[in-house]
Each structure stands twice: as structure tokens, then as C-alpha cells.
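Encoded as C-alpha cells, the structure appears first; notes follow it.
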2 protein chains.
Amino acid sequence: MQQSVYSSPLKTACSACNLRELCLPIELSGSEMTRLDALVTRKTAYRRGANLYRCGEKFHSLYAIRSGFFKTQVLHEDGREQVTGFQMAGEIIGMDAISSDIHTCDAVALEDSEVCEIPFARLEELSREIPALQRHLHRILSREIVRDQGIMLLLGSMHAEERLAAFLLNLSQRFAARGYSPTAFQLRMTRQEIGSYLGLKLETVSRTLSQFQLRGLIRIQNKSLQFLDIAGLQALIKPH
Amino acid sequence: MQQSVYSSPLKTACSACNLRELCLPIELSGSEMTRLDALVTRKTAYRRGANLYRCGEKFHSLYAIRSGFFKTQVLHEDGREQVTGFQMAGEIIGMDAISSDIHTCDAVALEDSEVCEIPFARLEELSREIPALQRHLHRILSREIVRDQGIMLLLGSMHAEERLAAFLLNLSQRFAARGYSPTAFQLRMTRQEIGSYLGLKLETVSRTLSQFQLRGLIRIQNKSLQFLDIAGLQALIKPH
DNA sequence: CCCCAATTTTGACATATATCAAACATTGTG
DNA sequence: CACAATGTTTGATATATGTCAAAATTGGGG
């Protein structure tokens with residue numbers, strides 16, 4: 001488990017960020033953007049395996065992922081892990097900690113990554129003064145609630161095949177939204193992590209992916225994934 | 001499916017509400033409380049079976065449950081329902097709709113209930129002026145995220161027995177927090193609704209509850225539930 | 001560059017939960 | 001008050017996924 005964290009002296013400018021549309025500063029005027037820029041204090045890099053934060057730590061900041069890929073997980077006392085999400089560039093992470101001022105999960109980089117730190121107290125201050133920012137913060141918090149309820153639905157009422165199909169299509173969409181190919185990319189997580197996220201054992205994940213390949217829906221070799229029949233995958237999710 | 005909704009002319013006063021500690025106005029000064037009072041416009045009653053809101057409707061307000069019991073659910077095209085939560089007095093409902101301005105689920109009264117309507121645009125306004133209110137709103141949104149992640153954990157990694165035990169203990173705690181007996185109460189929902197919420201079939205719910213009774217953990221007759229061995233139930237949740 | 005540790009795949013078998021079915025209980029309503 | 005609709009329990013059986021195990025593959029570090 002790497003811990004190395006190195007800080008970049010470069011000032012992060014939201015106004016110049018190519019993730020601006022996905023992230024926090026959406027719909028702000030020029031001067032409002034400048035004030036947000038002043039608040040996002042650091043851009044920090046994390047090596048693969050490094051923790052962005054840990055369960056139990058004091059909450060200070062939200063983090064906007066600038067580049068890379070994270071997972072969030074809850075570790076049980078006995079070592080079992082439950083992955084609660086995979087986060088990619090442009091997404092905001094750490095919102096679960098607002099309610100208690102303590103982080104309720106671990107966030108771990110799945111590849112070398114960079115994040116912008118957003119001190120939450122100052123974000124609250126600024127969002128009192130900039131209604132568009134306030135509104136956007138509320139939307140982001142609510143979007144997280146909607147996302148979680150989607151996963152509840154998946155875990156509560158879908159079969160292994162449907163869960164995997166939904167998972168792959170979700171990743172595809174998110175890569176597409178970031179300008180990457182939606183039909184071919186590298187999985188950043190292990191079968192075990194996928195399984196934990198989807199409430200399945202790693203063997204079931206592996207078998208189901210093999211099945212998909214056999215049926216000509218995808219091509220998967222280890223972590224490289226290619227979609228061959230998106231419509232076919234979508235059809236799997238429809239109520240059986 | 002009842003639809004009858006009758007409005008009470010009585011002004012709801014947050015400052016006089018016995019749920020104040022559980023609900024929105026926590027930690028406000030007297031004058032701040034008065035301004036919140038002015039915002040919570042109506043107190044409305046819903047008969048059992050009535051919808052507080054429906055999936056697809058335009059979002060205007062959050063609702064604070066004054067008395068009674070609700071469920072939230074997503075209806076699939078084919079008629080399958082997935083229950084996403086059970087809400088009781090003092091809890092705030094409707095937060096999933098903030099992100100898109102459209103309600104993403106149905107909220108249905110499971111018994112005759114009363115709610116306070118909180119127009120969200122005005123709540124945003126007021127929370128820009130009252131930091132304590134802003135902070136509390138953020139905590140409530142975040143608490144919902146944490147709650148959902150707890151359910152993800154339950155659905156993703158627990159067996160039927162553990163899910164039921166966790167569910168019953170959660171209800172017990174919430175009744176206790178409202179001054180009701182934590183060891184004996186009426187279930188407001190059907191086995192089918194419990195099953196939907198927990199990702200189980202109603203038969204499994206019924207069988208597992210019968211099991212619990214056989215082992216002397218609870219006494220259950222239809223909807224009346226009595227806890228006989230809370231420690232025993234808690235032991236069931238611990239990682240096996 | 002090679003080797004060790006971690007990850008993935010696949011098979012055989014076990015088991016928890018779903019499915020189907022029937023009897024029974026409860027509730028609300030005319 | 002009775003009856004129809006709805007909800008609950010229980011049994012027999014089916015099935016999806018988990019468990020255990022072994023071999024194959026991959027990738028990072030010395």
C-alpha cells in the first residue's frame with residue numbers, strides 16, 4: 001500500500017480546466033470563477049495504491065479528481081472490503097463525510113492520479129455568496145443520492161448478468177463523456193473489486209465476463225475491454 | 001390507491017414542533033427559527049396509499065414528515081417495484097429530485113400521515129443568509145448519502161438473515177429516537193415491501209422472520225413485532 | 001530479465017434463495 | 001356481517017451464485 005504523496009506547485013485554475021463542464025464551476029461568470037479558483041488551493045498527485053483519505057479521518061475538504069481513477073470502500077473489522085464506488089476525472093469525492101465531519105470510507109487511487117482539494121468550509125462560504133455555485137453544490141450532492149439509489153436498485157433486483165452489463169455500460173458512458181472511446185478501454189479495477197461493488201464473488205464476475213465474450217457481446221482480455229454489441233448488452237438490462 | 005389530500009389551515013410552527021431536534025431547524029436562534037417558520041407554508045395530510053409525489057413530477061419542495069410513515073419506490077416499466085426507503089416522522093424526503101428538478105421515485109404514505117412542505121428555492125435563499133441552516137441542509141443531504149451507502153453494503157454483502165436483523169434493529173433505533181418503544185411496534189409495510197427493500201422475495205422474508213421467532217429472537221404475528229433478544233439479533237449482523 | 005506474488009480462469013460441487021403452489025389469515029367494504 | 005381482495009405462511013423443488021481447488025496468466029520489483 002503506497003502512501004507517497006507529492007504536491008505540485010502549479011496553481012490549479014478551474015477557469016482553464018478542461019473538466020470544468022463535468023466538475024464544480026459549471027455556469028459561473030468570469031469573476032465568480034476567479035473566486036472559486038482562489039479557493040481550490042492545491043493540486044496533489046497520488047500514486048497507485050495511495051489513500052486520498054481514510055475511514056475515520058477528520059473531514060476538511062471535498063476533492064475533485066483532475067486525472068486518474070479512484071475507488072471508495074468500507075473495510076469491515078474482519079478484513080472484508082465493500083467497494084462503494086469507482087470515481088473518475090471530473091467527479092467530486094468525499095461528500096459522505098459532510099454529515100459527521102468524519103470520513104466514512106477509504107478512497108484509494110487505482111492508478112496514478114491528481115486531485116484538486118476544495119476546503120469545504122470555504123466552499124460553503126462562497127456558495128452563500130454565489131447562488132449558482134450553491135445550486136450546483138446541491139445538485140452534486142443530490143446526484144450522488146440518485147447514483148446510490150441506482151446501485152441499490154441494481155443490487156436489490158438484478159441478476160449477475162444484468163449487474164455486469166449495467167456496470168460496463170455505465171463505465172462506457174462515463175468514458176464517452178470525457179472524450180475517450182466508449183467502446184474500448186482498460187478496466188482499472190480487479191475482478192475482486194468489481195465483484196465487491198456489484199455484490200458478486202470474483203469467480204462469478206470472471207465467468208459472466210467470459211460468457212459475454214462467448215456470446216460476442218464484448219472482447220475482454222484481462223483488463224482490456226472492447227464492446228462488440230452495445231445493443232445486446234443494453235438488452236440484458238431490460239426487465240427479464 | 002387513495003388520492004385524497006386535505007389541507008389543514010393550521011400554520012405549522014417549526015419552533016413549536018416536537019420533532020425539531022430530528023428535523024431541519026436544529027441549532028437555529030429564535031429569529032432564524034421564525035424565518036424558517038415563514039417558509040414552511042403548509043401542513044398537508046395524506047391518507048394511507050396516497051402519493052406524496054410521483055416519479056416524473058416537477059420538483060418544487062422537500063417534505064418534512066410530521067407524522068406517519070412513507071415508502072419511496074421506483075416502478076419499473078414491467079410493474080416490478082423496488083422500494084428504496086421507509087421514512088418516518090422527522091425525516092426529510094424528496095432530496096433525490098434536487099439534481100434534475102424531477103422526482104426520480106414515488107413517495108407513498110403507508111399510514112395516514114402529515115407532512116410540512118418546504119419550498120426548495122426559498123430554502124436555498126434562506127440558507128444563503130443563515131449559515132447554520134446551510135450547514136444543516138448539507139448535513140441532511142450527506143446523511144442521505146451515508147444511509148444509502150449503508151444499504152448498498154447490506155445488499156452487497158449480507159445474507160437474508162443479516163439483512164432482516166439489520167432492518168429490524170434499524171427500525172427499532174428509529175422508533176426509540178422518537179420516544180416510542182424500541183422493543184415493540186407495528187410494522188407499517190408488507191412482507192413484499194420489506195423484501196423489495198432488502199433485495200429478497202416475500203417468502204424469504206416470511207420464512208426468516210418465522211426462523212427468528214422459532215429461535216426466540218422476536219415475537220411476530222402479522223404486523224405486530226416484539227423484540228425478545230436484541231443482543232441475539234445484533235450478533236447476527238456481525239461478519240460471519 | 002527473471003521470478004514471485006497477485007490476479008484470472010475454469011471446473012466440480014454446495015447452498016442460499018427463488019419459484020411455484022396451496023392453505024390460511026386478515027382487512028376493509030358494501 | 002359476510003365476502004372478496006390482499007397479505008401471510010409453509011412445503012417441495014429449481015436454480016443462480018457461492019465455495020473450494022487447481023492451473024494458467026500477468027505484472028512489478030529485485
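Chain identifiers are assigned alphabetically (A, B, ...) following the order of the sequence lines, protein sequences preceding nucleic acid strands; residue numbering begins at 1 within each chain. Excluded from the calculations below are hydrogen atoms, water molecules and symmetry mates; all remaining heavy atoms, backbone and side chain alike, are included. Just so you know, these numbers come straight off a predicted model, no measurement behind them.
Distance CD (B:Gln186) to C1' (D:dT8): 15 Å, rounded to an integer number of Å. Protein atom NE2 of A:His159 is 12 Å distant from nucleotide atom P of D:dT15, rounded to whole Å. Atom pair A:Glu111:CD and D:dG27:C1' shows a separation of 16 Å (rounding to whole Å applied). Note: CG (B:Asp112) to P (C:dT27) measures 15 Å, nearest angstrom. For the pair B:Leu187 CG and C:dT27 P, the computed distance is 13 Å after rounding to whole Å. Between B:Glu193 atom CD and D:dT6 atom C1' the separation is 12 Å, expressed in whole Å. The nearest whole Å value for the distance from the CD atom in A:Glu162 to the P atom in C:dA18 is 14 Å. Atoms CD (A:Gln192) and P (C:dA5) sit 20 Å apart, rounded to a whole Å.
For DNA chain D, the neighbouring residues in residues 200-213 of chain A, judged by any heavy atom under 4.0 Å, are A:Leu200, A:Lys201, A:Glu203, A:Thr204, A:Arg207.
Between A:Gln221 and D:dT25, a side-chain N or O to OP1/OP2 separation shorter than 4.0 Å is absent. Neither OP1 nor OP2 of D:dG7 sits under 4.0 Å from any side-chain N or O of B:Lys223. Listed pair B:Arg191 / D:dT8 meets the phosphate criterion, a side-chain N or O lying under 4.0 Å from OP1 or OP2.
Checked by atom type, the side-chain pair B:Gln226/B:Gln221 shows no donor-acceptor distance below 3.5 Å. Side-chain contact annotation: A:Glu117 with A:Ser61, donor-acceptor N/O pair under 3.5 Å present. Side-chain N/O atoms of B:Gln87 and B:Thr72 include a donor and acceptor closer than 3.5 Å. In this structure, a donor-acceptor pair under 3.5 Å is absent between the side chains of A:Glu161 and A:Thr208.
A distance of 6.0 Å or more separates the ring centres of B:Tyr63 and B:Tyr46. With ring centers used as reference points, B:Tyr197 lies under 6.0 Å from B:Phe86.
Counting only distance, with no hydrogens or angles, the side chain of A:Ser113 and the backbone of A:Glu111 share a donor-acceptor pair below 3.5 Å.
The residue A:Gly199 sits close only to the backbone: its heavy atoms come under 4.0 Å of sugar-phosphate atoms, none of a base.
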